[in-house]
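What you see is a predicted model; the values in this text were computed from it and never measured. Atom set for the values below is all heavy atoms of this structure, side chains included, hydrogens, waters and symmetry mates excluded.
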Amino acid sequence: MAPNGVNGVAHDDEDIDYSDIEAKYQVQYDEGLDNILIVDGVPVIDKSKLEKLLQKIAKDFSRKGCPIKPENITVPWNDTTGKSKGYIFIEFKNADDATRALMAMNGHPFDAKHTFMITRFTDFERYLNMDETYHEPPPEEYKPKEHLRAWLADPQGRDQYATYRGDEVEVHWHGKPSQCEVAHSRVNWTDLYVSWSPMGTYMATLHRQGVRLWGGPSWEPQQRFAHPLVKLIDFSPNEQYLVTWSYDPIVVREGAEQGPQYFSPEDEGNNIAVWDIKTGHLLRTFPSVYPEGDEAKKQMQWPALKWSPDDKFVGRVTPGQQISVYELPGMHLQGKKSIKIEGVVDFEWRPLGDKDREEIEKENKATANGAPAKQKKARENMLAYWTPEVQNQPARVSLMNFPSRELLRQKNLFNVTECKLYWQNQGDFLCVKVDRHTKTKKSIFCNLEIFRVREKDFPVEIVELKDTVTDFSWEPKGERFALVSSSDPNLGNPGPGITIKTDVSFYQLDRTKGDFKLLKTLPSRTSNTVRWSPRGRHVVLATVGSSSKSELEFWDLDFNTDETRREGAPWGSGIQHLGTADHYALTDAEWDPSGRYLATSASAWRHTLENGYAIWDFRGQELEKHILDRFKQFLWRPRPPTLLTKEQQRQIRRNLKEYSRIFDEEDALEESNVSAELIAHRKRLVDEWNAWRLRCKEQLAEDRRKRGKKVEPAKDKAAQEEEKEEIEVWVDEVIEQIEEEVVE
């Protein structure tokens with residue numbers, strides 16, 4: 001037996017070297033401080049308010065996707081005063097979480113008086129030992145960015161429109177036939193549909209992952225918003241914010257990206273998101289709210305959030321309870337409370353008119369020039385809302401100033417079934433379309449309650465109608481409106497192949513009497529849609545969504561202004577029918593921003609019969625028509641408001657003849673260029689024909705020679721020239737036109 005070991009070999013643990021194994025499997029302890037942040041700009045408090053402060057800080061960090069708990073926060077105290085020092089330390093799980101919180105919360109407005117300024121704990125000592133000698137940094141290479149509104153500088157002044165067919169999206173230039181061309185096209189640009197922003201700066205495309213914004217001459221991506229399975233979007237009026245909605249509630253999976261541009265666990269279960277377009281940051285999320293009643297849940301009201309015209313506020317209604325208005329950009333509830341209104345159904349913000357914008361611009365210029373500010377009441381927004389009949393209380397329409405919440409006017413309504421609010425785009429008038437029922441509730445009729453908002457005490461005019469109003473539309477920047485009404489018994493349940501008979505009526509404000517008078521009624525129509533030109537005056541009556549009728553009627557309401565101004569002339573004498581057209585099975589009709597052209601389209605989303613689009617002038621003359629299989633969408637690109645002042649616009653109108661002469665010369669030059677191209681094309685065809693004839697004759701002569709047949713001697717060059725076919729093209733050009741008046 002071998003002593004002290006195996007095979008006579010002695011073992012001693014002290015002689016074995018384990019250093020390589022220990023180095024390989026050694027546990028690394030993280031002794032760094034990269035996971036700690038210093039947050040400055042915190043309110044100074046005493047210890048009685050500590051718990052409330054920590055909860056508020058933790059809530060703000062969690063809302064931005066950086067969840068922390070109050071126990072992770074350390075508050076330094078001043079032993080002399082017994083109060084906090086105005087800064088805190090926050091410890092995160094790791095350095096990545098701390099970095100994410102630094103990016104999301106640095107510069108965050110905690111309240112009206114405090115803003116967070118955040119630094120890393122490890123950077124504090126580095127800042128203390130920093131060399132304070134200034135070293136000028138090397139200049140960065142200038143890289144010019146594309147102008148997002150470059151299309152407005154088009155030399156021909158053309159508009160653009162987008163089409164979506166199959167998987168391809170195209171952006172077109174629209175002008176004279178020789179100027180129409182495709183500006184950009186891309187396959188699989190969107191998964192759902194496309195949408196322009198209100199001023200045409202961005203094009204939005206919807207995808208499974210969220211929304212992307214595009215712009216500039218190269219159509220490069222400008223911003224993205226990660227809202228999976230998004231279905232609906234809505235821009236704020238000034239393009240500062242975006243609202244997205246998805247039928248599927250928000251879900252934040254474990255390990256998902258966190259930060260200001262992504263959803264956090266607090267957002268789970270919500271459907272609506274509000275985003276800042278410039279930064280791409282998520283501002284707030286909300287759950288979907290449906291109108292009361294089981295049937296109403298099938299259709300959600302959209303837009304679910306409604307923007308004030310200056311982008312300062314956004315509101316949402318909780319049916320039957322309240323209107324909640326949030327202040328931008330913080331998305332905090334204005335005044336820390338909602339507007340409690342029992343039974344409230346809907347509300348609308350009053351638009352800003354040209355007069356309002358001029359006043360705002362004057363005030364801003366006066367302030368910029370250092371003029372003393374006048375003691376004037378702050379400008380407020382206005383909203384209108386309505387409530388139905390509740391117990392013994394009548395239905396009611398109310399006007400309210402905001403944010404002061406001052407009630408300006410209320411109007412009681414009786415026997416009300418439904419109300420719709422229609423603001424004129426300048427904010428001069430509010431029309432409340434009131435569907436009323438008789439005492440037996442067997443029949444429905446309609447009244448229009450029209451508020452004259454710019455006049456003292458907000459007088460209300462009533463237009464009584466016997467029929468049901470199916471469409472209502474104000475003339476842009478005008479004092480007229482058009483409506484479609486019907487007494488057809490099939491109106492409620494139109495069967496297949498049944499055409500609803502309608503009447504179209506035009507009304508105008510009579511300034512002498514202060515009420516709205518009927519201008520003209522067009523009876524026994526099939527029109528169900530009114531489309532005013534953005535410039536007013538011209539209007540199109542369309543039959544949309546019908547498989548049996550698809551008429552378009554073009555009308556001019558100021559065709560004979562001299563006749564309408566003549567004393568004693570009947571109301572409506574200046575209205576003129578310009579033309580009638582037809583676009584089979586059309587589903588949409590939209591004017592271009594200039595008000596000169598109308599586009600109609602038949603979308604494959606509604607049916608598969610002759611899909612495509614057509615463009616008409618304001619008189620109803622067809623300019624172009626395209627029948628396209630799998631055509632889905634047509635959208636004119638909007639234009640922003642003009643930068644010209646009222647005086648500059650008046651100056652242009654006064655010199656319109658001079659500008660017209662320049663445009664006529666350009667048209668004549670283009671026509672002559674076209675004629676020259678046509679002549680050259682015809683001459684080239686004749687030369688090709690003569691060359692071909694000559695080759696054929698030579699070939700024929702060669703064939704005869706080979707066969708040994710007698711060949712006529714070749715004709716001389718003069719004879720060949722005589723045989724050549726000559727075509728002369730005469731082009732008439734008017735050099736000058738003089739009109740002479742013959743006096744007998």
Side chains of [X] and [Y]: do they bring a donor and an acceptor to under 3.5 Å?
X      : Y      : value
Gln633 : Thr163 : no
Asp311 : Ser236 : yes
Thr502 : Ser527 : no

Student check: side-chain heavy atoms of [X] and [Y] closer than 4.5 Å:
X      : Y      : answer
Trp386 : Glu348 : no
Pro638 : Met199 : no
Thr543 : Arg525 : no
Val484 : Val469 : no
Trp605 : Asn611 : no
Trp302 : Val243 : yes
Val530 : Leu483 : no
Ile323 : Tyr385 : yes

For [X] and [Y], work out which heavy atoms get closest and say how close.
X      : Y      : result
Leu192 : Thr190 : N-OG1, 3.3 Å
Val211 : Ala204 : CG1-CB, 4.2 Å
Leu519 : Arg480 : CD1-CD, 3.8 Å
Asp267 : Phe263 : OD2-CA, 3.5 Å
Pro287 : Arg316 : O-NH2, 3.2 Å
Gln261 : Gly280 : CG-O, 3.5 Å

Any pair counted as salt bridge (charged side-chain N to carboxylate O under 4.0 Å, His left out), so long as it reaches [range], sequence neighbours left out:
range            : result
residues 419-432 : Asp428-Arg454
residues 218-244 : Arg149-Glu239
residues 157-167 : Asp154-Arg158, Arg158-Glu181, Asp159-Arg639

task = On the 0 to 90° scale, with breaks at 30° and 60°, tag the Trp275-His227 ring pair as parallel, tilted or perpendicular.
result = tilted
task = May I ask you to check whether Phe472 and Trp474 place their ring centers less than 6.0 Å from one another?
result = yes
ask   = Is the distance between the ring centroids of His184 and Trp214 less than 6.0 Å?
value = no
task = Could you list all the ring-ring contact (aromatic ring centres under 6.0 Å, His included) pairs where at least one residue sits in residues 149-181, not counting sequence neighbours?
result = Tyr161-His172, Tyr161-Tyr613, Tyr161-Phe634, Tyr161-Trp636, His174-Tyr597, His174-Trp636
Worked verdict on Asp354 versus Lys477 for salt bridge (Lys or Arg N to Asp or Glu O under 4.0 Å) = CA-CA 9 Å; Asp354 292 341; Lys477 300 184 179 181; 3.7 Å; yes
Look up atom [atom1] in [X] and atom [atom2] in [Y], then write down how far apart they are to the nearest 0.5 Å.
X      : Y      : atom1 : atom2 : answer
Leu448 : Ile462 : CG    : CD1   : 10.0 Å
Leu635 : Tyr193 : CG    : OH    : 10.5 Å
Met203 : Trp189 : CE    : CH2   : 5.0 Å
Arg350 : Gln424 : CZ    : CD    : 9.5 Å
Arg606 : Leu586 : CZ    : CG    : 9.5 Å
Phe506 : Thr521 : CZ    : OG1   : 9.0 Å

request  = Evaluate the criterion side chain to side chain donor-acceptor pair (under 3.5 Å) for residue pair Ser486 and Asp467; output intermediate values, then yes/no.
outcome  = CA-CA 6 Å; Ser486 177; Asp467 300 333; over 6 Å; no
Holding to ring pair (Phe, Tyr, Trp, His ring centres under 6.0 Å), I want the full list of residues that pass it with [X], two or more places apart in sequence or in another chain.
X      : value
Phe235 : none
Trp423 : none
Trp591 : none
His583 : none

ask   = Who passes salt bridge (Lys or Arg N to Asp or Glu O under 4.0 Å) against Lys433, sequence neighbours left out?
value = Asp435
ask   = Quick check: does any side chain N or O of Thr587 sit under 3.5 Å from a backbone N or O of Ser603, one acting as donor and the other as acceptor?
value = yes
request  = Taking Glu475 for its side chain and Arg537 for its backbone only, find out whether a donor-acceptor pair lies under 3.5 Å.
outcome  = yes
For [X], check side-chain hydrogen bond (donor to acceptor under 3.5 Å, both in side chains) against everything at least two apart and list the hits.
X      : value
Ser601 : none
Ser485 : none
Asp191 : none

inquiry  = Among Val397, Val432, Leu430, which residue satisfies the side-chain contact (heavy atoms from CB on, under 4.5 Å) criterion with Glu449?
reply    = Val432
Among Val504, Val540, Leu522, the one residue meeting side-chain contact (heavy atoms from CB on, under 4.5 Å) with Trp555 = Leu522
task = Using the side-chain contact (heavy atoms from CB on, under 4.5 Å) rule, take Ile500 and Asn528 through it: C-alpha gap first, then chi angles, then the decisive distance, then the call.
result = CA-CA 9 Å; Ile500 303 298; Asn528 55 18; over 6 Å; no
Pair Ser594-Asp592, side chain to side chain donor-acceptor pair (under 3.5 Å): steps then yes or no = CA-CA 6 Å; Ser594 72; Asp592 82 315; 2.6 Å; yes
query = Can Arg596 and Asp617 be counted as an ion pair, charged N to O under 4.0 angstrom?
reply = no
ask   = NE2 of His577: more than 12 outside heavy atoms within 6.0 angstrom?
value = yes
query = Is Lys306 positioned over the aromatic face of Phe347, cation under 6.0 angstrom from the ring centre and no more than 45 degrees off axis?
reply = yes
Trace of the side-chain contact (heavy atoms from CB on, under 4.5 Å) decision for Lys501 with Thr526 = CA-CA 5 Å; Lys501 288 293 182 182; Thr526 60; 4.3 Å; yes
